[in-house]
Number of protein chains: 2
Amino acid sequence: MEEHSNSSNAKERAQSNSSAEPRTEEAKAHHYDASKYQRPSVTVDVVIMSLRQKDLQVLLIKRRSWPFEGMWAIPGGFVNFDESLEDAAKRELQEETGVQDVYLEQLYTFGDPGRDPRTRVITVVYFVLLDSERLQVRAASDAADVSWFSVYDLPPLAFDHEKVLNYTLNRLRGKLDYTTIAFNLLPEQFTLRELQRVYEMILHKKLDKRNFRKKILATGILEDTGAKKMEGTHRPARLYRFNPAAEHKL
Amino acid sequence: MEEHSNSSNAKERAQSNSSAEPRTEEAKAHHYDASKYQRPSVTVDVVIMSLRQKDLQVLLIKRRSWPFEGMWAIPGGFVNFDESLEDAAKRELQEETGVQDVYLEQLYTFGDPGRDPRTRVITVVYFVLLDSERLQVRAASDAADVSWFSVYDLPPLAFDHEKVLNYTLNRLRGKLDYTTIAFNLLPEQFTLRELQRVYEMILHKKLDKRNFRKKILATGILEDTGAKKMEGTHRPARLYRFNPAAEHKL
DNA sequence: TAAATAGTGTCTATTAGACATTATCTA
DNA sequence: TAGATAATGTCTAATAGACACTATTTA
């Protein structure tokens, strides 16, 4: 389980921050010599997940330089000296997507020496769940080297970001039935079918419609908005809203 | 949620490692001025828990200097430049207790600026579960400023180590019924009553004897050693052993 | 034989899962 | 009225929890 700084922003700073790391294997020897005088760098990576095209997707960045040049990576960057870890994660998120006020959770800290060939890096990984509506607003800003991928159909990833994504998925799955974490992937109002799709995408398996609705409605965490969602040539679906007052019931 | 380095070992290095932090509030101003040239310190703290005197206890260290002088704290220290986080945690454990090969799990990383008045510190917290037998071996080595406390009867703690301990307890509770984490607090062979006590201490409530035994035995994770534990003037109890092959059944 | 803890079973309520039909809307 | 998705209930199996007595050992 490894990874490291990789947004364009982070890469720039990697150059200036550590007295210019040479991009050769000699870098390693250099650092070992100086190890007693050096401190590890601390970075924050942010796994940004959302629902796009009825798919659970993650935002990745294409690396433009060594190491892992040309491969896709989880966005991240250095933590400023006087900035909290969570603030650093929010800053990354803002830089990559422009959104704020989202669900943000610390996932795990990866710190094995040697996982980044440039220097010793300790990375605190956070993950973010974005609802699909906010995302549409920013869809246009996607650059060529930033792209969304289905979590179930990933390109080759830099560092061991594949493990980080698996770890994220497992965390999500584990929390699915005793928290309201899934609601963070939906806009304020949603249909039961949409909620079911979120569960199905995270668990990566089909759920029984009747049992799902029965169980969710029994908890009382949803309240009927009275509104209906009409789309296509069929019966419209009720729109529900999450009722935070009943969060404890899940 | 905060904390920081506090073993005697860590404290010594705190002096030499950060160009001698003055023990006054001026320290803060100094660091802010220099913030763009500085990196956070990275420390590892280790919550060491064990069963002692039929109680769930945690190992704490009395601080000998500012900040929080005289208060009790979770042991910890700096991460060496070429040492993994887990190795740093194991080293701390070894220094404090002399034991090795124990259950070790990363808990959470605390990194808010200002939680340590000396400098910016990012602390990765691990927790360790020790079985009671190993502990007895080392009981004699306890120094005056190292002591065990019941997790349900703690002294005033330095930093916000109280929150860290609560966090640890919650993690333990959460994992209790879908992992075999509790077994790490017991020696290789144990009676069902002893196992029940572990669950009761972690959950901090009484469990029904029949239901508990029924449930545990139904999983098949225990195997009867054939041996019995006789103590006191009453019927001896069967000794069981954890069967790792059946771990998935829990 | 008294004291102390080990060891055991039943009944009930709740929950999880399998499963198929009717309702309502638009084109 | 055809096509499409929404909405709904029953039965069964498994699980969780309440609850009290007998078994075995030593002093």
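So that the names make sense, note that chain A is the first sequence line, chain B the second, and so on, each numbered from 1.
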In terms of relative ring orientation, are F183(B) and F190(B) parallel, tilted or perpendicular, with 30° and 60° separating the classes? tilted
Over all strands shown, is R213(B) touching base, sugar-phosphate only, or nothing at heavy-atom distances under 4.0 angstrom?
base
Atom CG of L192(B) and atom C1' of dT8(C) are separated, to the nearest Å, by 12 Å
Exercise for the section: Applying side chain to side chain contact (heavy atoms under 4.5 Å, CB included), run through I48(A) and L60(A) and close with a yes or a no. Expected result: CA-CA 8 Å; I48(A) 302 168; L60(A) 298 175; over 6 Å; no
Parallel, tilted or perpendicular, as decided by the 30° and 60° cut-offs, for the rings of F149(A) and W72(A): perpendicular
Should the pair Y167(A) and F110(A) be assigned to parallel (<30°), tilted (30 to 60°) or perpendicular (>60°) ring geometry?
perpendicular
Note: for R197(B) and D208(B) on DNA chain C, the residue whose nearest nucleotide lies more 5' is R197(B)
Under the side chain to side chain contact (heavy atoms under 4.5 Å, CB included) rule, what do L222(A) and I216(A) come out as? Steps first, then yes or no, please. CA-CA 8 Å; L222(A) 294 190; I216(A) 296 289; 3.5 Å; yes
Once base and sugar-phosphate atoms are separated, protein heavy atoms under 4.0 Å mark nucleotides 12-17 of chain D, 5' to 3', with B, S and - as -----B
Whole-Å distance, K229(B) NZ to dG7(C) P, equals 12 Å
Between CD1 of I216(B) and C1' of dG7(C) the distance, given in whole Å, is 16 Å
Separation of dA6(D) atom C1' from D224(A) atom CG, nearest Å, is 13 Å
When R52(A), Q53(A), Q57(A) are each screened for side-chain hydrogen bond (donor to acceptor under 3.5 Å, both in side chains) with D55(A), the one that passes is Q57(A)
Taken to the nearest whole Å, CD/E231(B) to C1'/dA27(D) is 16 Å
Note to self: When you compare the side chain of Y126(B) with that of V47(B), does any pair of heavy atoms fall below 4.5 Å?
What the structure shows: no
Whole-Å distance, K205(A) NZ to dA16(C) C1', equals 11 Å
Nucleotides 21-27 of chain C: which of its N/O atoms have a protein N/O under 3.5 Å away?
unit_1	atom_1	unit_2	atom_2	d
dA23(C)	O4'	R235(A)	NH1	3.4
dA23(C)	N3	R235(A)	NH1	3.2
dT24(C)	O4'	R235(A)	NE	3.3
dT24(C)	O2	R235(A)	N	3.2
dC25(C)	O2	H234(A)	N	3.4
dT26(C)	O2	T233(A)	OG1	2.5

To the nearest angstrom, the CZ-P distance between R238(B) and dT25(D) comes to 11 Å
Scanning both residues in full, the closest heavy-atom pair of P187(A) with E133(A) reads CB-CD, 3.5 Å
Query raised in the report: Within the structure, does a side-chain N or O atom of R210(B) lie under 4.0 Å from either OP1 or OP2 of dG9(C)?
Result: no
In whole angstroms, the gap separating P of dT22(D) from NZ of K209(B) amounts to 15 Å
In terms of heavy-atom contacts, R210(B) and D208(B) come closest through N-OD2, 3.1 Å
